[in-house]
Asker: 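Quick one: the structure is below, and I'll ask about it shortly.
For the single chain, residues carry numbers from 1 onward in sequence order.
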Amino acid sequence: ILADDLEGDIAVIERFIARQQETSLVSPRADTHTLAVVSHAVITGLLYNISCGMDPEEAKRVWIATADAITRVDRERS
């Protein structure tokens with residue numbers, strides 16, 4: 001059940017990233033599956049950190065900085 005849930009979550013994120021590629025917010029050369037897996041890992045880690053006491057606003061800042069860094073690195077390689 002957990003493996004199916006993980007697969008489904010990653011698929012949703014992957015579709016979201018593919019839509020962002022269509023609008024040029026994410027490079028069309030980016031591997032959607034890899035970005036989805038990384039995004040899921042960061043999101044899961046941040047949710048865990050929040051449950052352990054991390055300030056949700058700090059988690060939000062970390063998420064935004066991470067997402068920006070992932071897409072910026074890809075743009076620099078283009």
Asker: Can you measure from CG (Leu25) to CZ (Arg19) and round to the nearest 0.5 angstrom?
Answerer: 12.0 Å
Asker: Kindly give the heavy-atom pair with the smallest separation between Val26 and Ala30, and that separation in Å.
Answerer: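 For Val26 and Ala30, the tightest heavy-atom pair comes out as CG1-CB, 3.9 Å.
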Asker: Using the rule side-chain contact (heavy atoms from CB on, under 4.5 Å), only one of Val37, Val42, Thr44 pairs with His40; which is it?
Answerer: Thr44
Asker: Linking I/L/V/M/F/W/Y whenever any side-chain heavy atoms sit under 4.5 Å apart, do Met54 and Trp63 land together?
Answerer: yes
Asker: State plainly whether one hydrophobic cluster holds both Ile17 and Ile70, where clusters connect Ile, Leu, Val, Met, Phe, Trp and Tyr through side-chain heavy atoms under 4.5 angstrom apart.
Answerer: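 Yes, Ile17 and Ile70 fall within the same hydrophobic cluster.
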Asker: Do side-chain atoms of Gln21 reach the backbone of Ser27 as a donor and acceptor pair under 3.5 angstrom?
Answerer: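 Yes, Gln21 side chain to Ser27 backbone: donor-acceptor pair under 3.5 Å.
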Asker: Between CD1 of Ile64 and CG of Asp68, what distance do you get to the nearest 0.5 Å?
Answerer: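 Ile64 CD1 to Asp68 CG: 9.5 Å, rounded to 0.5 Å.
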Asker: Ile10 and Phe16: same hydrophobic cluster, using ILVMFWY side-chain contacts below 4.5 Å?
Answerer: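 No, it is not one cluster - the side chains of Ile10 and Phe16 are not joined through contacts under 4.5 Å.
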Asker: Out of curiosity, Ser51 OG to Leu46 CG, how far, rounded to the nearest 0.5 Å?
Answerer: 11.0 Å
Asker: How many angstroms lie between CD in Gln20 and CG in Leu35, if you round to the nearest 0.5 Å?
Answerer: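 If we round to the nearest 0.5 Å, Gln20:CD and Leu35:CG are 11.5 Å apart.
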Asker: Check Ala59 against Ile50 and note the closest heavy-atom contact, atom names and distance.
Answerer: CB-CD1, 3.6 Å
